[in-house]
Asker: 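Have a look at this one before I ask anything.
Convention: sequence-line order gives letters A, B, ...; per-chain numbering from 1. No hydrogens, no waters, no symmetry mates; every other heavy atom, side chains included, goes into these values.
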Amino acid sequence: MIELLHGLLDKELDPVRSLEAEQHLKECPACARRYEEEQVLRKIIAGGSLYYEAPRSLSRNVRSALRLASRAEAAPVSRSWSWDLGRLWLRARLLPIAVAALVLLLVLPSLVGPSTENRLAQEIVSAHSRSLMADHLTDVTSTDQHTVKPWFSGKVTFSPPVPNLSSQEFPLIGGRLDVLQEQPVAAMIYQHRKHFINLFIWPSTHGDSREKLSAQRGYNLIHWTQGGMNCWAVSDVNRADLQQFAQLVKAVLEKE
Amino acid sequence: MDAAYNLARWLTGNEPDAQDVVQQAFLRAFKFFGGFRGGDSRSWLLRIVRNSFYDWVGKQRPLDTSFDEDLHGIATESPAPDAALLEKADKQLVHEAIGQLPAEYREVLVMRELEDLSYKEIADVADLPIGTVMSRLARAREQLRQGLLERMRRD
């Protein structure tokens with residue numbers, strides 16, 4: 001049973017077993033308590049900024065190691081006259097290309113066939129930089145959520161939650177109408193020290209999902225689905241701050 | 001690159017070794033580039049990182065005992081610990097407690113909680129059946145919870 005609880009926690013159970021596990025949670029206080037603890041534990045791990053980002057030097061070292069390796073492979077070949085010259089030419093020519101392809105594929109995965117999510121992330125980064133560039137950060141400028149929230153009614157077909165996080169160093173600046181994937185979305189703008197954060201919200205057809213961090217053109221992004229809403233936050237603040245912002249938004253949305 | 005480094009860093013426990021392992025992994029990836037059959041390049045790379053790590057461990061500790069699932073079983077009844085106490089665990093403590101887990105648990109936990117991989121993806125990377133991923137994860141979290149609570153009660 002304990003393993004099933006973890007499956008449930010990770011949303012990895014099929015619907016039947018998932019129901020079974022949920023039913024068991026209702027009947028068994030010991031497991032329910034345990035489940036609650038596991039949720040706390042997960043939250044601690046997720047919020048603990050335990051992720052190690054690769055040091056800058058690593059990418060450089062790897063690239064030079066790969067270059068060395070490709071030379072080392074090419075060198076003995078070029079000394080060996082018994083080798084078919086055509087093949088030798090091919091190998092010498094192809095190796096650097098293989099190295100470049102590998103670096104592209106692994107170091108810059110965003111360049112190779114962007115997924116839907118990736119394209120959306122690109123759109124969001126564009127929307128974010130546009131909003132900062134063209135002096136069009138807000139359509140409605142107000143630090144009051146009760147001004148911003150009603151402003152959206154009649155402009156979008158849903159009522160976006162507008163969290164007020166001013167007491168947590170993320171004051172609301174205002175709201176803006178934006179378009180993503182050819183549909184109108186609500187954009188809320190927050191400030192954190194000297195940085196702006198755009199929070200995009202629009203209805204989703206998917207169930208809740210955990211937050212996912214990514215980076216694009218120097219901006220950090222975090223997105224998740226909660227209560228039937230897609231939430232994407234983008235900013236040039238660091239990962240930890242953006243993560244904290246997302247946690248705060250999530251907590252507010254939970255209460256709505 | 002971050003995913004590769006994060007996994008290596010948690011497995012080796014320090015930066016220079018993690019850098020070595022990642023570098024080895026990329027060299028291997030380069031060598032076996034032909035073995036890449038398309039699909040998810042991150043899983044493929046993590047798999048190589050993981051293999052590089054175990055090779056590296058092999059070199060460091062030639063007499064490493066093999067992992068015994070039974071020895072690391074779940075204690076059936078734990079003394080009533082409470083969620084409220086856990087909430088107070090700070091980053092340093094969690095960090096230490098994860099560091100204390102056996103590598104087999106640490107890797108599934110890191111892949112699940114920090115890389116957000118699905119059971120299926122972890123199964124691919126670690127070459128385990130999905131059922132084993134689920135049970136290892138359950139044990140990893142159990143051990144982490146116990147470890148954390150012990151540390152907190154000690155303080």
Asker: With a 4.5 angstrom heavy-atom cut-off, is it the side chain or the backbone of B/Glu15 that approaches chain A, or both, or neither?
Answerer: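 Side chain of B/Glu15 only, per the 4.5 Å heavy-atom cut-off to chain A.
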Asker: A/Leu9 versus chain B, heavy atoms under 4.5 Å apart: side chain, backbone, both or neither?
Answerer: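 A/Leu9 touches chain B through side-chain heavy atoms alone.
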Asker: Salt bridge or not for A/Arg34 and B/Glu142, using N-O below 4.0 Å?
Answerer: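 Salt bridge between A/Arg34 and B/Glu142, a charged N being under 4.0 Å from a carboxylate O: yes.
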Asker: Name the option with the most non-hydrogen atom pairs under 4.5 Å to chain A; the candidates are B/His95, B/Arg9, B/Gln23.
Answerer: B/Arg9
Asker: Check whether the side chains of B/Ser135 and B/Arg139 place a donor and an acceptor atom closer than 3.5 Å, and report yes or no.
Answerer: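 The criterion, which ignores hydrogens and geometry beyond distance, is not satisfied for B/Arg139 and B/Ser135.
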Asker: Among A/Lys212, A/Arg42, A/Glu38, single out the residue with the greatest number of heavy-atom pairs under 4.5 Å to chain B.
Answerer: A/Arg42
Asker: Does A/Arg17 pair with A/Glu12 as a salt bridge, N-O distance under 4.0 Å?
Answerer: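 A salt bridge is absent here (no side-chain N lies under 4.0 Å from a carboxylate O).
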Asker: Between B/Glu115, B/Gln24, B/Gln92, B/Lys120, which shows the greatest number of heavy-atom pairs under 4.5 Å with chain A?
Answerer: B/Glu115
Asker: Counting only non-hydrogen atoms closer than 4.5 Å, does B/Leu7 touch chain A with its backbone (N, CA, C, O), its side chain (CB onward), both, or neither?
Answerer: neither
Asker: Excluding sequence neighbours, so at least two apart, what forms side chain to side chain donor-acceptor pair (under 3.5 Å) with B/Asp2?
Answerer: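 By the side chain to side chain donor-acceptor pair (under 3.5 Å) rule, B/Asp2 matches no residue at all.
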Asker: Measuring heavy-atom distances to chain A, does B/Ile130 have an atom under 4.5 Å in its side chain, in its backbone, in both, or in neither?
Answerer: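 Neither part.
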Asker: Determine the interplanar angle of the A/Tyr219 and A/His128 rings, folded into 0 to 90°, and report it as parallel if under 30°, tilted if 30 to 60°, perpendicular if over 60°.
Answerer: perpendicular
Asker: Give a yes or no on whether the backbone of B/Gly147 and the side-chain of B/Glu150 come within a donor-acceptor separation of less than 3.5 Å.
Answerer: no
Asker: Who among B/Arg141, B/Gln19, B/Met134 has the most heavy-atom pairs with chain A under 4.5 Å?
Answerer: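 When all of B/Arg141, B/Gln19, B/Met134 are compared, B/Arg141 has the most.
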Asker: What part of B/Ala3 lies closer than 4.5 angstrom to a heavy atom of chain A: side chain, backbone, both or neither?
Answerer: both
Asker: If the condition is side chain to side chain donor-acceptor pair (under 3.5 Å), which residues does A/Gln247 pass it with, not counting sequence neighbours?
Answerer: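 Only A/Glu211 meet the side chain to side chain donor-acceptor pair (under 3.5 Å) criterion with A/Gln247.
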